[in-house]
Amino acid sequence: MGYTMGLNLLLLMAMVATNILSLYHLSSTLQSPKSTKAPPPVPDELLRQLHTIRATINHLTRLQQSSSANPAANTASTKPNIPSDLLLYSRISPIASSCHNHPDLLHKYMSYIRFSPCPSDSDLAEALILRGCHPLPRRRCFSRTPQKPTSSLPPNPFPSYLPDSNVIWDKYSCKSFDCLNRQNPSLGFDPSREISKFTSYKSELDLPIQQLLQLAKSAKSVLRLGLDIGGGTGGFAATMKLYNVTVVTTTMNMAAPYSEAAALRGLVPLHVPLQQRLPLFDGVVDLVRLGHAVNRWIPLTMMEFLFYDVDRVLAGGGFLWVDHFFSKRADLEKVYAPFLGKLGYKKVKWATANKTDAGGLKNGEVYLTALLQKPVSR
């Protein structure tokens, strides 16, 4: 309907333009009826425009005849095949605006057989979330589960191993936790290696949990609830669990089952990307830790939104722990230190040191570990 109306409008405008040119030529002829001189020629530019308009009319006429002869094909080309459950869900619940920026991925995600097993598309869900399509639309299908999961999970958050049978490995290049540990032992998939990570002191950048608890006690603050942003497999949350502090971890399954590993340790993984608002109410946590996921690769404006969202969920008198944040030394002095100063938090700990790996030496990067306390009231 819209296409036909637009086509008719173009035809009408072309015909009007043709008539105007004809009147122009006729008027120039009638201005001197008694003159025996030949009428002035039509300018070349007007002739070219006239030929162009006539060609356009012929072309549009053929298009109209073609679309009238095959209306089904015209409708199919202008109206994408939107999954029925996506249409239904959009009527009963809002969908994140960023989802509409990726219609191909969204339509593929919502194309499934209702009331049947869901497709094996966790990587597709991850791709949508990382593009800002979060929360994802709900689906009416049964989520896949491992074929033979073990039910004998240890209560200790630092077990000697994680059971492979409790993970669906289809989308990963590695098919076991041993494979992941061989590729990179520091990823956190061997919990026994993380026992001392947050309890030992190797450099001024470290903040052992015992020291953290003592600093909180000295400030007359109690640590009960915490949030670890970008916490991987939950090593920090696992350590705090030993001290009766509940910490939830935001994590994404970037090429490895981080969420499953955290859950197997008895921890709560939040499947939330860094660019999304934290799914917590205002002022409800006593501690927020920012790990390696939060670093200079995040644009400054986006980082500002993140830090002020952290301030929102942090209770008065609570602590913000910036753990091994790295940037160029000049940027730390001119950009990030002033930015953190704008929060108005008390500096409980502020330590910097050179980043000594190849990338750090090449780019002149430094680490920052800071423990900042939010004012009790504003």
Could you report the tightest heavy-atom contact between [X] and [Y], atom names first, then the distance?
X      : Y      : value
Asn253 : Glu126 : N-OE2, 2.6 Å
Thr249 : Gly231 : CG2-CA, 3.4 Å
Pro94  : Tyr89  : O-CE2, 4.3 Å
Ala293 : Gly230 : CB-CA, 3.9 Å

Can you confirm whether or not the ring centre of [X] sits under 6.0 Å from the ring centre of [Y]?
X      : Y      : value
Trp297 : Phe326 : no
Tyr258 : Phe189 : yes
Phe319 : Tyr345 : no
Tyr336 : Phe325 : yes

Look only at the side chain of [X] and the backbone of [Y], and say whether a donor-acceptor pair between them is shorter than 3.5 Å.
X      : Y      : answer
Asp286 : Arg224 : yes
Thr251 : Gly232 : yes
Gln373 : Gly317 : yes
Asn354 : Val366 : no
Trp169 : Asp164 : yes
Lys175 : Tyr172 : yes
Asp357 : Gly360 : yes
Gln275 : Leu130 : yes
Asp309 : Leu278 : yes
Asn166 : Glu260 : no

> Would Arg296 and Asp331 count as a salt bridge (charged side-chain N to carboxylate O under 4.0 Å, His left out) if you check the C-alpha gap in whole Å, the side-chain angles of each, and the deciding distance to 0.1 Å?
Replying inline: CA-CA 9 Å; Arg296 71 179 182 91; Asp331 291 340; 5.5 Å; no

> Where do Ser120 and Arg144 land on the side chain to side chain donor-acceptor pair (under 3.5 Å) test, with the steps shown first?
Replying inline: CA-CA 7 Å; Ser120 179; Arg144 299 181 65 209; 2.7 Å; yes

> Could you give the distance from NZ (Lys241) to CG (Leu267), rounded to the nearest 0.5 Å?
Replying inline: 6.0 Å

> Among side-chain atoms of Ser176 and Asp178, is any donor-acceptor pair under 3.5 angstrom?
Replying inline: no

> Any side-chain heavy atom of Trp350 sitting closer than 4.5 Å to one from Leu340?
Replying inline: yes

> Are the side chains of Leu106 and Pro137 in touch, meaning some heavy atoms are under 4.5 Å apart?
Replying inline: yes

Heavy-atom count check: over 12 atoms from other residues, nucleotides or ligands less than 6.0 Å from [X] [atom1]?
X      : atom1 : value
Lys349 : NZ    : yes
Tyr243 : OH    : yes
Phe281 : CZ    : no

> Checking side chain to side chain donor-acceptor pair (under 3.5 Å) for the pair Gln211/Tyr201: CA distance, chi angles, key distance, verdict?
Replying inline: CA-CA 10 Å; Gln211 183 182 2; Tyr201 186 91; over 6 Å; no

>> Walk me through whether Leu290 and Asp323 qualify under side chain to side chain contact (heavy atoms under 4.5 Å, CB included).
In response: CA-CA 6 Å; Leu290 302 176; Asp323 191 6; over 6 Å; no

>> Run Asp190 and Arg182 through salt bridge (charged side-chain N to carboxylate O under 4.0 Å, His left out) and show every step you take.
In response: CA-CA 10 Å; Asp190 183 2; Arg182 287 194 301 270; over 6 Å; no

> Looking at Thr239, Leu212, Leu207, which one forms a side-chain contact (heavy atoms from CB on, under 4.5 Å) with Phe198?
Replying inline: Thr239

> Salt bridge between Arg265 and Glu194, side-chain N to carboxylate O under 4.0 Å?
Replying inline: yes

>> Checking Asp85 against Arg140 for the salt bridge (charged side-chain N to carboxylate O under 4.0 Å, His left out) test, could you report, in this order, the C-alpha distance in whole Å, the side-chain angles of both residues, the deciding distance, and whether it holds?
In response: CA-CA 8 Å; Asp85 260 25; Arg140 294 184 290 177; 2.7 Å; yes

